[in-house]
Number of protein chains: 2
Amino acid sequence: MANSGGTKPKSSRKNSWKQNPQAVQENILRVAQEVFAKNGLSGARVDEIAAMTETSKRMVYYYFGDKEGLYRRTLEEAYRKVRQKEVDLDLDHLDPRAALERLIRFTFRHHSENPDFIRLVMIENIHHGTYLAQSATIRDMNRGAVDQLERILKRGRDEGVFRQDADPLTIHWQISAMSFFNVSNRATFSLIFGDRLNSATGQRQLEDWAVETVLRPVVVDPRPSDQG
Amino acid sequence: MANSGGTKPKSSRKNSWKQNPQAVQENILRVAQEVFAKNGLSGARVDEIAAMTETSKRMVYYYFGDKEGLYRRTLEEAYRKVRQKEVDLDLDHLDPRAALERLIRFTFRHHSENPDFIRLVMIENIHHGTYLAQSATIRDMNRGAVDQLERILKRGRDEGVFRQDADPLTIHWQISAMSFFNVSNRATFSLIFGDRLNSATGQRQLEDWAVETVLRPVVVDPRPSDQG
DNA sequence: GACCAAATTAACCATCTCGTACAATTTGAT
DNA sequence: ATCAAATTGTACGAGATGGTTAATTTGGTC
């Protein structure tokens, strides 16, 4: 009966509306993510967000206080969704080598398929992490990502397939760097060097390269996949 | 006699000033770079830029037309300076292995020491490369970077120390990814995972890691430095 | 069905910000 | 002497923009 999905809260008729606070907030956040991701914090216009919503500008301020409050909540939601997917990966039952490769491929593809999330993180970095600093929940969520990787590396060390001195944080940094840069700098990179690496085959090639460059220094036997 | 450097164009005395269009423009551009890098294109205020200048707002519009024109010129200047330093590196006389390592270390350190440049590129990517697309000179300058790398790789192949299938554009992409991400995501990364990798030793460690992860897949004999 | 807090609507305001107009003076080259 | 280019200084207007005031509707409760 009730809209269990995320469908439109109201049929946009002016009079005769139903109360649905949750759906209204979700609607606003969805639009806000899109607009903030496209234009940045200062570039985004509250009026534009409101106009794209099924509700009114007043509601935006009613639920989120001000523009920065809306931005903060948008950022939180974006991180929450990403982290959820990472947890669902369930890598602990795979053998370490396969688990690591799968984590890399997942991260690379996930970032590639969610440019809006990447852009929000870029924007947040432009603002020196001011708003992430205000959200303890985001920080706590993300630390789990390195814990997950650390477990994989430890299992690998114990089985003798990974090097002893492989640092989880550094590996995570490297995976993030390539996966993130691949999306964040697409515009300038493509403009300068052409979009060969941005094509379907190019992206596959980069993903393989990411796997290889991460695994080679970590795996004891340097034979990541089908290299001769 | 004339100020051959980039010193202040006027002694800020109201009357009795010298004509020095070049110095005035340089002064404006220097301030603009600082403010745009700090606040982004939409976040930057023309009035603030003008106030920090040795000259007036009127002059900003006199020389650069409008805010976007100033931003475009700022971006051009930033790229120009970077590219100049890359050319000065003069890697063609080093043996391939050393040349590649030096290029990686230079890029990593240079980006690290010039966060404002990184931030301008981030901002430009937020704007989908709109302004870089308008500047053919920037594109031409930067393509040279891959040519330089390609020469190194070719020499390495010919000498039998590099693999045959090493792709210059992919290697450049990888070097850029780590060097860029290291600066661009400092704020969020440090907030979430602590600033261990951001310390002096952490940065040295990452630089070494960048060298290792790039060289290992490229060099035929997988022994990048002093690994046992 | 009266009542009230939460939800929602529509019009409104204060301010910021880009860019310009106006009015002049100074420089430097010919 | 002359004149265009360079520079100063101020004030201001139009429109964009973040945020608010005031009034209405809903839905649950007694």
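Chain naming here is simple, since letters A, B, ... match the order of the sequence lines and numbering starts at 1 in each.
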- Tell me: CE of A/Met59 to P of D/dT25, nearest whole Å? 15 Å
- Message: Taking any heavy-atom pair under 4.0 Å as a contact, classify B/Phe64: base, sugar-phosphate, or nothing.
- Response: nothing
- Message: Is the shortest side-chain heavy-atom distance between B/Leu153 and B/Glu150 below 4.5 Å?
- Response: no
- Query: Ion pair present between B/Arg105 and B/Glu101, side-chain N to carboxylate O less than 4.0 angstrom?
  - Reply: yes
- Query: Which whole-number value in Å describes the distance from A/Ile28 CD1 to C/dA7 P?
  - Reply: 12 Å
- D/dA14 P sits how many Å from B/Asp66 CG, rounded? 20 Å
- Item | First encountered from the 5' end of DNA chain D, between A/Arg45 and A/Arg58 | A/Arg45
- Is it true that A/Arg204 and A/Glu207 have a side-chain N and a carboxylate O under 4.0 angstrom from each other? no
- Message: Can you identify which nucleotide, out of C/dC18, D/dT20, C/dT9, has its nearest atom closest to the B/Tyr61 side chain?
- Response: C/dC18
- Task: Report the nucleotide, chosen from C/dT8, C/dC18, D/dA6, that has the shortest atom-to-atom distance to any side-chain atom of A/Tyr62.
- Result: C/dT8
- Separation of D/dT17 C1' from A/Tyr71 OH (nearest whole Å): 19 Å
- Verdict with reasoning, B/Thr188 to A/Glu124, per side-chain hydrogen bond (donor to acceptor under 3.5 Å, both in side chains): CA-CA 8 Å; B/Thr188 56; A/Glu124 178 59 10; over 6 Å; no
- Whole angstrom is fine here: how far is it from OH in B/Tyr63 over to P in C/dG19? 19 Å
- Just compare C/dC18, C/dT8, D/dT17 and give me whichever is closest to any side-chain atom of B/Lys67. C/dC18
- Per the atom types in the model, does the base of D/dG19 pair as donor or acceptor with the side chain of A/Lys57 at under 3.5 Å? yes
- To the nearest Å, how far apart are B/Asn39 CG and C/dC16 C1'? 15 Å
- Task: Select base, sugar-phosphate, or nothing to describe what A/Ala44 touches, counting heavy atoms under 4.0 Å on all strands.
- Result: sugar-phosphate
- Query: Below 4.0 angstrom from OP1 or OP2 of C/dT9, is there any side-chain N or O of A/Thr55?
  - Reply: yes
